[in-house]
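Counting convention: from 1, in listed order, for ligands and their atoms alike.
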Amino acid sequence: MKDGTAMYERTEITPEQRQTMFACCERLRAQLGDRPRTACVDTYGCQQNESDSEILRGWLTQCGYRMTDDPMTADVVVVNTCAVRHHAEMRVLGNVGALVHARSRNPDMIVCVGGCMAQQEGMKKKLKESFRMVDLVFGPHELWQFPQLLEETIRRHGLRGNKGRLFAAAPCDGVVAEELPRQRDGSIKAWLSIMNGCNNFCTYCIVPYVRGRERSREPSRIEDECRELVRAGYRDITLLGQNVNSYGRGLDEKVDFPALLRRLDRIEGEYILRFMTSHPKDATEALFAAMAECEHTAHHIHLPLQSGSDRVLKAMNRHYDMAAYLEKVRLARQYMPDLVLTTDIIVGFPGETREEFDETLRAVEQVGFDAMFTFIYSPREGTPAAAMPDPVTRAEKQVWFDELTTLANRISAQKHAAYPGRTVRVLVDGKSGSDEWPLTSRTRGGRLVHLKGDESLIGTFADARITEAATWALFGEAL
Ligand code: 5AD
Ligand code: SF4
């Protein structure tokens with residue numbers, strides 16, 4: 001993947017470029033006239049994609065579309081795709097393919113494929129040749145240009161063959177786009193993207209190739225957005241980046257992630273600040289100290305371990321070994337005894353042996369993660385790991401995976417068993433749909449608590465007395 005590894009400068013879009021996009025929105029809105037038109041954004045993958053979809057909805061609303069959840073009846077469908085694992089890709093392609101029927105009922109329908117999968121090498125060709133219902137393909141770094149791409153796609157629509165379609169997804173660049181419209185999904189929880197891209201090149205991972213090089217937003221922009229979120233009543237704000245711990249590199253102002261946390265913490269109000277994801281190699285004592293000292297920061301860290309074997313970690317290009325990881329965990333817990341620690345584990349990395357997998361099981365037991373996201377290794381074309389010998393069968397990997405899941409469940413259940421009788425502070429974030437426990441809430445560390453209490457509590461912080469515990473959730477009553 002030649003394009004994927006290129007280095008380039010960080011550049012912010014200019015006010016003129018932004019103006020051009022808003023002018024496209026105005027023209028599209030005028031074209032639609034009084035006819036009610038609907039648009040649907042279908043999102044796959046991680047929180048960054050969910051955040052990007054909020055911008056797509058912002059643009060579409062700006063263009064005069066009413067948002068709907070039903071892709072089958074929408075006039076514009078945008079599929080915001082994920083490329084991290086093969087499974088996600090197959091789901092996307094299946095669902096895009098299914099739009100062919102909706103399209104034959106509504107020939108004016110515009111189908112757009114954006115996100116990480118669209119940016120993958122070879123995907124444009126595949127969509128061009130085998131998915132003729134797709135009108136527009138664009139990459140994640142082109143989000144800010146969406147109105148222009150959509151306007152051009154609509155202009156071409158109806159032209160014969162490939163002339164009627166638009167294939168953007170140009171090589172990644174270092175663009176940072178500010179002040180884009182955004183239609184947020186909720187009113188209590190909000191995403192706040194602080195950076196984009198990744199420079200780490202873990203050998204199994206496609207992200208650096210499809211999201212490009214790491215680039216950070218200016219701290220003052222992040223601070224303004226965070227202040228505005230708190231003022232608007234958001235109570236749970238998650239700072240997003242592929243590796244938040246390397247925030248600030250390449251900015252004129254000298255500010256690192258712990259400094260950003262401290263700066264945001266000064267914003268007054270009752271809210272929780274979380275962040276995702278932290279690369280263990282860049283998680284420092286300064287970070288743990290900032291987390292412990294800041295009033296608003298959740299005592300939760302998602303620290304993907306990936307494997308418990310030093311040999312496998314090296315083959316993954318992770319830049320830490322088990323001893324270094326354990327030392328970080330020890331330090332973090334020293335600063336925050338109530339720390340909630342979660343992780344990602346990949347099972348069956350090419351060449352991983354049963355003994356090495358056993359090391360992962362031991363590491364998981366030793367660390368005692370509060371929750372784990374576990375994945376069976378999925379080869380991604382163009383990444384170094386995809387070319388490594390991989391003798392273990394899929395069936396065997398599935399057995400290992402199931403063992404890991406059983407262990408994760410046991411650890412979580414053990415941790416939860418200590419909770420009944422305790423009182424914890426929670427943010428009540430919604431309705432559960434159950435009569436017995438009508439509310440859902442989260443502790444500051446992010447544990448799910450099903451709650452008895454009045455609906456008027458939604459959006460507020462409450463003390464909850466825990467009465468029961470299950471493997472992946474707690475149950476309690478609001479006091
Ligand atoms: N196969 C399986 N899991 C992967 N992840 C990233 N790439 C792959 C892959 N090729 C997992 C990692 C990462 C999480 C977001 O997805 O565990 O931390
Ligand atoms: Fe992928 Fe590694 Fe970057 Fe995370 S840090 S996005 S796993 S390359």
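When atom types are taken as modelled, the side chain of Y325 and the backbone of L303 share a donor-acceptor pair closer than 3.5 angstrom. Counting only distance, with no hydrogens or angles, the side chain of D310 and the backbone of M322 share a donor-acceptor pair below 3.5 Å. Using modelled atom types, one side-chain atom of E142 and one backbone atom of A170 make a donor-acceptor pair closer than 3.5 Å.
With a 6.0 Å cutoff to the six-membered ring centre and a 45° limit on the axis angle, K328 does not count as a cation-pi contact of Y320. Both the sub-6.0 Å distance and the 45° axial angle are satisfied by R85 relative to the ring of F375.
Scanning the protein heavy atoms around atom 10 (N) of ligand 1, the nearest turns out to be S378 O, 2.8 Å. The nearest heavy-atom contact from the protein to atom 6 (C) of ligand 1 is V84 CG1, 3.4 Å. Of all protein heavy atoms, the one closest to atom 7 (S) of ligand 2 is Y204 OH, 3.4 Å. Among protein heavy atoms, atom 17 (O) of ligand 1 sits closest to Q306 OE1, 2.7 Å.
Heavy-atom contacts of I376 reach the following atoms of ligand 1: 2 (C) (cutoff under 4.0 Å). The atoms of ligand 1 that sit less than 4.0 Å from any heavy atom of R380 are 10 (N).
Of the candidates N49, T81, N80, N95, N95 is the only one forming a side-chain hydrogen bond (donor to acceptor under 3.5 Å, both in side chains) with Y44. When E228, E12, E253 are each tested for a salt bridge (charged side-chain N to carboxylate O under 4.0 Å, His left out) with R221, only one passes: E12.
The distance criterion of under 3.5 Å between nitrogen or oxygen atoms is met by R85 with respect to ligand 1. Ligand 1 has a nitrogen or oxygen under 3.5 angstrom from a nitrogen or oxygen of D344.
Protein contacts to atom 2 (Fe) of ligand 2 involving N, O or S atoms at a distance below 2.8 Å are C202 SG.
Neither the backbone nor the side chain of T383 has any atom closer than 4.0 Å to an atom of ligand 1 (non-hydrogen atoms only). Counting heavy atoms closer than 4.0 Å to ligand 1, residue Y204 contributes atoms from both its backbone and its side chain.
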When you look at Y209 and Q120, which way does the side-chain contact (heavy atoms from CB on, under 4.5 Å) test go after all the steps?
CA-CA 8 Å; Y209 304 91; Q120 240 176 317; over 6 Å; no
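Residue R394 qualifies as open at atom CZ: its count of foreign heavy atoms under 6.0 Å is 12 or below.
Ionic pairing of E355 and R311 is not present here: no N-O contact between side-chain nitrogen and carboxylate oxygen is shorter than 4.0 angstrom.
The shortest distance between side-chain heavy atoms of T443 and V449 falls below 4.5 Å.
Between I206 and ligand 1 there is no heavy-atom distance shorter than 4.0 Å.
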